[in-house]
Colleague: 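Could you have a look at this structure, given as structure tokens, before my questions?
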Amino acid sequence: MDRSDLVKESFVRKEVPAWIPAGKTSDYFGELVFDRKKMCKYLDAESLHALLDCIEGGKPLDRKTADGVARGMKEWAMEHGVTHVTHWFQPLTEGTAEKHDSLIDYDGKGGVIETFDGKMLAQQEPDASSFPSGGIRATFEARGYTAWDPTSPVFILDDTLCIPTVFISYTGEALDYKTPLKKALKAVSDAAVAVCKYFDPSVTKVYSYLGWEQEYFLVDEGLYAARTDLMITGRTLFGHISSKNQQLDDHYFAAIPPRVAAFMRDLEITGHRLGIPIKTRHNEVAPNQFELAPIYGETNLSNDQNQLVMNLMNRIARKHGFVVLLHEKPFDGVNGSGKHNNWSLGTDKGTLLLAPGKDAKGNLQFVTFFVNVLAAVQKHNALLKASIASATNAHRLGANEAPPAIVSAFLGRTMTEVLHKLLEVPSDTPIEIAGKKSKSVGLVEIPEVFVDNTDRNRTSPFAFTGNRFEFRAVGSCANCAGAMTTLNSAVAEQLIAFKAAVDQELAAGKKTNEAVMDALKPIIKSVLDVVCFDGNGYTEEWKEEAKRRGLDVETNVPKMFCEFTKPAAVEMFTKTGVYTQKELEARNEVKWETYIKKVQIEARVMERMALNHIIPAALEYKAKLLQEVTLAKGIYGNLDNCVTEMRILDDINKYVEEVRIKATAMMEAGKAANAIEDIYACALAYHDIAESFYDLRKPIDKLEEVVDNKTWPLPKYRELLFIS
Ligand code: ADP
Ligand code: MG
């Protein structure tokens, strides 16, 4: 073959893998979702209209409609070879839960027949006693039930029809992430509609939008299997950092390795079939770190899609010989993974409420929502931080690479100037779009589109980026619902309070725009003084400054959870109808329990690996060196030729003993913590244990440097972190 043949061959795609479908993405997008198109095709007119009333009007689903919908769904599902059905829900664990039931039932003639009716669609009673409930079910009722959420469409995964559901106890308490999220979305819609009426009386619904950016690592399946810590805890508990990691910044946006590209393509195709609008893929900052983001959508659906994507990622990665790591900090010394939650509000009339409007009225509406969001974030900054806190995200927060453990808001120069200006001018000054009118003294202007202002200040946990806020502190393996429920409820509470303030101004006889601005001014002043911060969030000075401003600077995760049951949070969540006090208390129990278990498992894996893998490997190398030294002494009569060996032996002795002492101490601390009955006190004790992980890790990472490569029992960072 001469060179021209080689070139020709490289341009000809010889073999298209079976998983790449023919045709355009738009041909197969959503083919496995029972969406509007399928509803129109498979449902009778009566069921269709009744179902749309449930989806759009929030009406409850009656049995007759459910039966009609189930009939159509069954027909569609059977055409796709479906044999099973499951209620797909989001308990308070990581990931989703499903229990599959086959469609068969006796036909009364000695055989079986496929059945699927409204009852199976609408409600299921999984044996739920093993899911975390914070004592709710133990105290009140042993069972829970799942009920279809018609606002999230049914989809097919493999041979199974998946029905997105809420998960509730028989006494009505939410046992999942979806139920409170839906309540928060209703609360923010109601509160925002009431405020929108000042500007556009035709608005009847406000949507909360979410666009998540999922970061993740890939590791080779074989290497993963050789790392007990990765397999059991999702992160490496030891490992000397690689000589080359991210210092050259050569991974971010670099060319995607072909093996990884194949995985991404497979994932995208699968996601597109399931109606997930996956849009962006790129290399992230750390080696082997990548990101995937969809086009944003309504928060409840977008969050379901994120849950589904996390599930698909794991399955598809395996197919390509990888394992996906969704842990926030799988490797020390390189960046961890987060999940930026891009969030905004928009009306049913198509107006984005966090983007400049078309005219002065639209701009005032924008500023109104913008400022009220900041006020909500300010009031509940500690709670918002608690909403993203977890044992795993703790490794990332405040670690000089990700959002600091202080929730402040970045506005950018333009909006900061606009807010300052608004404080100076009379309340009826129109806010114009820059460039539309000739500039005159005292005019407040904002650009129609934010260009360079949409910041790249990556140190801010809550940043305005032109038409949305980016809540960047959310962890990569988290369910976004935790953060989204808190944010939307806090904004709802703030908008309710704001409306009351405006109504008071109106009652005093002011015109709407003046009343709105007079109600806004004290809030603007306050947020500029407290929550708004455009500087570097990683510095020590900011920690001091934030404390002075009254922002929460707590870094202890179990302590952060206490925010959920403080009076301000209880009042906010009960007023907006999102959580009862009982639910908040129960959820905190779940949070502490999860925290304890996570740290407990990590501690146990660390101890076992230290004692059973690391120390024996070091002693094996030590024995080898001792043998050499003994031989040398026999030949030369002294140790003059063994200086290096003796130095290494000294190091091994020192570090091995350090490992033994620290691992034993950690075991004792674990035993003492386990004996603590109060769950919060126990979580605090485990927090101290987590803090001591580095003490044990240090001598082990030193041993990795000393012990010969052949004897070292674990794949090293340099192997784990570079896929070619
Ligand atoms: P970045 O430059 O911040 O990494 P990406 O393109 O990776 O941005 O992701 C931005 C995300 O924000 C996408 O999911 C996008 O759809 C979403 N997004 C854009 N506009 C809005 C909006 N108004 N509300 C919510 N999400 C939005
Ligand atoms: Mg991105």
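None of the values given here were measured: they were computed from a predicted structure.
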Colleague: Do side-chain atoms of K329 reach the backbone of T392 as a donor and acceptor pair under 3.5 angstrom?
Modeller: no

Colleague: Salt bridge between R273 and D27, side-chain N to carboxylate O under 4.0 Å?
Modeller: no

Colleague: Counting only heavy atoms not in K279, do more than 12 sit closer than 6.0 Å to its NZ atom?
Modeller: no

Colleague: Atom CZ of residue position F561 - does it have more than 12 heavy atoms of other residues, nucleotides or ligands inside 6.0 Å?
Modeller: yes

Colleague: Do the numbers put R587 on top of the ring of F564, so that NZ or CZ is under 6.0 Å from the six-membered ring centre and no more than 45° off the axis?
Modeller: no

Colleague: Once you measure the plane-to-plane angle for Y216 and F290, does it fall in the parallel (<30°), tilted (30-60°) or perpendicular (>60°) bin?
Modeller: tilted

Colleague: Distance only, no hydrogens: is a donor on one side chain within 3.5 Å (strictly under) of an acceptor on the other, for K339 and N306?
Modeller: yes

Colleague: Do W212 and S302 have a side chain donor and acceptor closer than 3.5 Å?
Modeller: yes

Colleague: Does CD in E46 sit with more than 12 non-hydrogen atoms of other residues, nucleotides or ligands closer than 6.0 Å?
Modeller: no

Colleague: Using the side chain to side chain donor-acceptor pair (under 3.5 Å) rule, collect all pairs that involve residues 32-43, keeping only residues at least two apart or in two chains.
Modeller: D35-K38, R36-E56, Y42-E79

Colleague: Crowded around K349 NZ? As in, over 12 foreign heavy atoms under 6.0 Å?
Modeller: yes

Colleague: Checking T485 side chain against G482 main chain: does a donor-acceptor pair fall under 3.5 Å?
Modeller: no

Colleague: Regarding D117 and R71, does a basic nitrogen lie under 4.0 Å from an acidic carboxylate oxygen?
Modeller: no

Colleague: What is the ring orientation for H84 with H100, classed by angle as parallel under 30°, tilted 30 to 60°, or perpendicular over 60°?
Modeller: tilted

Colleague: Kindly assign one of parallel, tilted or perpendicular to the pair F167 and F89, based on the angle between their ring planes and the thresholds 30° and 60°.
Modeller: tilted

Colleague: I'd like to know if R235 pairs up with E328 as an ion pair, taking the criterion as any Lys NZ or Arg NE/NH1/NH2 lying under 4.0 Å from an Asp or Glu carboxylate oxygen.
Modeller: no

Colleague: Quick check, are the ring centers of Y170 and Y145 under 6.0 angstrom apart?
Modeller: yes

Colleague: The criterion is salt bridge (charged side-chain N to carboxylate O under 4.0 Å, His left out); which residues satisfy it with E75, sequence neighbours excluded?
Modeller: none

Colleague: Between R281 and E268, does any NZ, NE, NH1 or NH2 come within less than 4.0 Å of an OD or OE carboxylate oxygen?
Modeller: yes

Colleague: Check whether NZ of the Lys or CZ of the Arg K74 lies under 6.0 Å from the centre of the six-membered ring of F116 and within 45 degrees of that ring's axis.
Modeller: no

Colleague: Looking at K205, I'd like to know if its NZ atom is crowded, meaning that more than 12 non-hydrogen atoms belonging to other residues, nucleotides or ligands lie closer than 6.0 Å.
Modeller: yes

Colleague: For atom NZ of K59, is the number of surrounding heavy atoms from other residues, nucleotides or ligands below 6.0 Å larger than 12?
Modeller: no

Colleague: Is a side-chain donor-acceptor pair under 3.5 Å present for D44 with S47?
Modeller: yes

Colleague: Just jot down the ring-ring contact (aromatic ring centres under 6.0 Å, His included) partners of Y579, sequence neighbours excluded, or say none.
Modeller: F573

